[in-house]
Number of protein chains: 2
Amino acid sequence: MDGLTETKKRSKEIFKGRIVHLFLDEVELPNGKSSTREVVKHPGAVAIIAVNKEGKLLLVRQYRYPLDQVIYEIPAGKLEPHEDPDDSAMRELEEETGYRCKKMEKVASFYSSPGFSDELLHVYFTDTLIEGKQHLDPDEFLELSSATVAEAEKMVAEHQIYDAKSVYAVQFLKLRALQAKK
Amino acid sequence: MDGLTETKKRSKEIFKGRIVHLFLDEVELPNGKSSTREVVKHPGAVAIIAVNKEGKLLLVRQYRYPLDQVIYEIPAGKLEPHEDPDDSAMRELEEETGYRCKKMEKVASFYSSPGFSDELLHVYFTDTLIEGKQHLDPDEFLELSSATVAEAEKMVAEHQIYDAKSVYAVQFLKLRALQAKK
């Protein structure tokens with residue numbers, strides 16, 4: 001034992017929805033005591049940092065019900081069952097933006113909120129967009145937009161870009177621009 | 001109407017735990033149709049990018065039950081009810097690392113996973129650490145660690161640093177170093 005690991009004793013399914021699969025588990029702590037852990041199981045997701053011919057970052061403007069707010073995000077979506085993240089990223093890019101791309105590279109993977117969820121986000125970058133066809137899910141409503149890095153930075157400061165993956169994306173592009181200058 | 005906003009029709013509480021407060025809501029979509037939204041309400045959290053006298057980033061090594069994995073993260077914690085994020089950041093820094101600081105500045109706020117949760121994360125930066133006293137919660141087990149920016153970058157690549165706020169933190173420090181060189 002490393003003095004950190006917790007051991008599952010019992011697991012109880014609380015709710016299974018379209019996105020959220022909630023469990024309440026009883027665990028043994030490193031000191032032998034018991035505690036409970038709430039876990040939201042999630043299929044994982046992909047997000048795409050897509051830069052167009054004009055050098056602008058593609059954004060989707062979307063109402064987010066949990067925030068009761070319209071925000072700008074980079075294109076993203078949940079993984080389908082057994083779907084490879086690389087395929088999912090290609091699919092989501094075209095579905096949400098109407099663009100495909102010649103190639104994309106994975107630039108990061110990270111857990112959104114490891115304290116209570118196993119949602120793992122795979123982030124891709126592409127600047128080789130080509131025309132495709134937008135086709136949204138029946139209950140998906142969004143508007144396509146784009147911004148220069150300077151504009152996107154301002155949008156972060158003003159909380160129009162306001163989620164982890166998209167804030168990461170803006171930072172990624174800033175860093176890329178600075179490194180290119182070296 | 002902006003063609004994007006959804007309207008709450010009914011809200012049903014599914015579960016109220018220590019962290020996760022889950023609701024299943026019925027909404028009216030922009031096209032007038034109905035759908036459901038799963039929402040995990042969360043008190044919000046703070047995270048601290050803390051750089052010590054040696055120029056190293058403070059990290060906490062911690063088992064994350066949802067991932068069944070020990071990872072390195074920047075110090076962080078949930079907001080207490082009615083707590084100001086600035087106070088919370090000072091509190092969490094000392095509780096988890098045993099350091100206080102002379103001053104810290106907020107560098108970003110972002111939602112962890114706006115598709116299903118309202119968890120808002122406030123990220124702070126400090127490089128003015130002073131001695132304090134570590135005092136962990138009874139069911140909190142972690143080890144203090146630190147890394148140079150180059151080491152931290154490697155840890156991101158190797159998925160030892162593997163969550164959104166900590167990956168953001170490493171990027172933030174890289175960007176800061178590059179901008180200082182200009």
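In what follows, chains are A, B, ... by sequence order, proteins preceding strands, each numbered from 1. Excluded from the calculations below are hydrogen atoms, water molecules and symmetry mates; all remaining heavy atoms, backbone and side chain alike, are included.
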Pair A:Lys102 + A:Asp127: basic N to acidic O under 4.0 Å: no

Geometric class of the A:Phe23/A:His21 ring pair [parallel <30°, tilted 30-60°, perpendicular >60°]: tilted

B:Lys78 versus chain A, the contacting section by heavy-atom distance below 4.5 Å: neither

Contact listing (chain B partner; residues 66-74 of chain A; heavy atom under 4.5 Å): A:Pro66, A:Leu67, A:Gln69, A:Val70, A:Ile71, A:Glu73

Any residue of residues 107-122 of chain B which, by heavy atoms, sits under 4.5 Å from chain A: B:Ser109, B:Phe110, B:Tyr111, B:Ser112, B:Ser113, B:Pro114, B:Gly115, B:Phe116, B:Ser117, B:Asp118, B:Glu119, B:Leu120

Which of B:Ile161, B:Asp25, B:Val123 touches chain A most, by non-hydrogen pairs under 4.5 Å: B:Asp25

Atom group of B:Val27 that falls short of 4.5 Å from chain A, counting heavy atoms: side chain

Inter-chain contacts: residues 31-59 of chain B against chain A, heavy atoms under 4.5 Å: B:Asn31, B:Ser35, B:Thr36, B:Arg37, B:Glu38, B:Val39, B:Val40, B:His42

Proximal component of B:Leu22, with respect to chain A [non-hydrogen, under 4.5 Å]: side chain

Test salt bridge (charged side-chain N to carboxylate O under 4.0 Å, His left out) applied to A:Lys106 - qualifying residues, sequence neighbours left out: none

Contact winner vs chain B - A:Lys174, A:Arg64, A:Lys165, heavy-atom pairs under 4.5 Å: A:Arg64

Distance flag, aromatic centroids of B:Phe125 and B:Phe172, threshold under 6.0 Å: yes

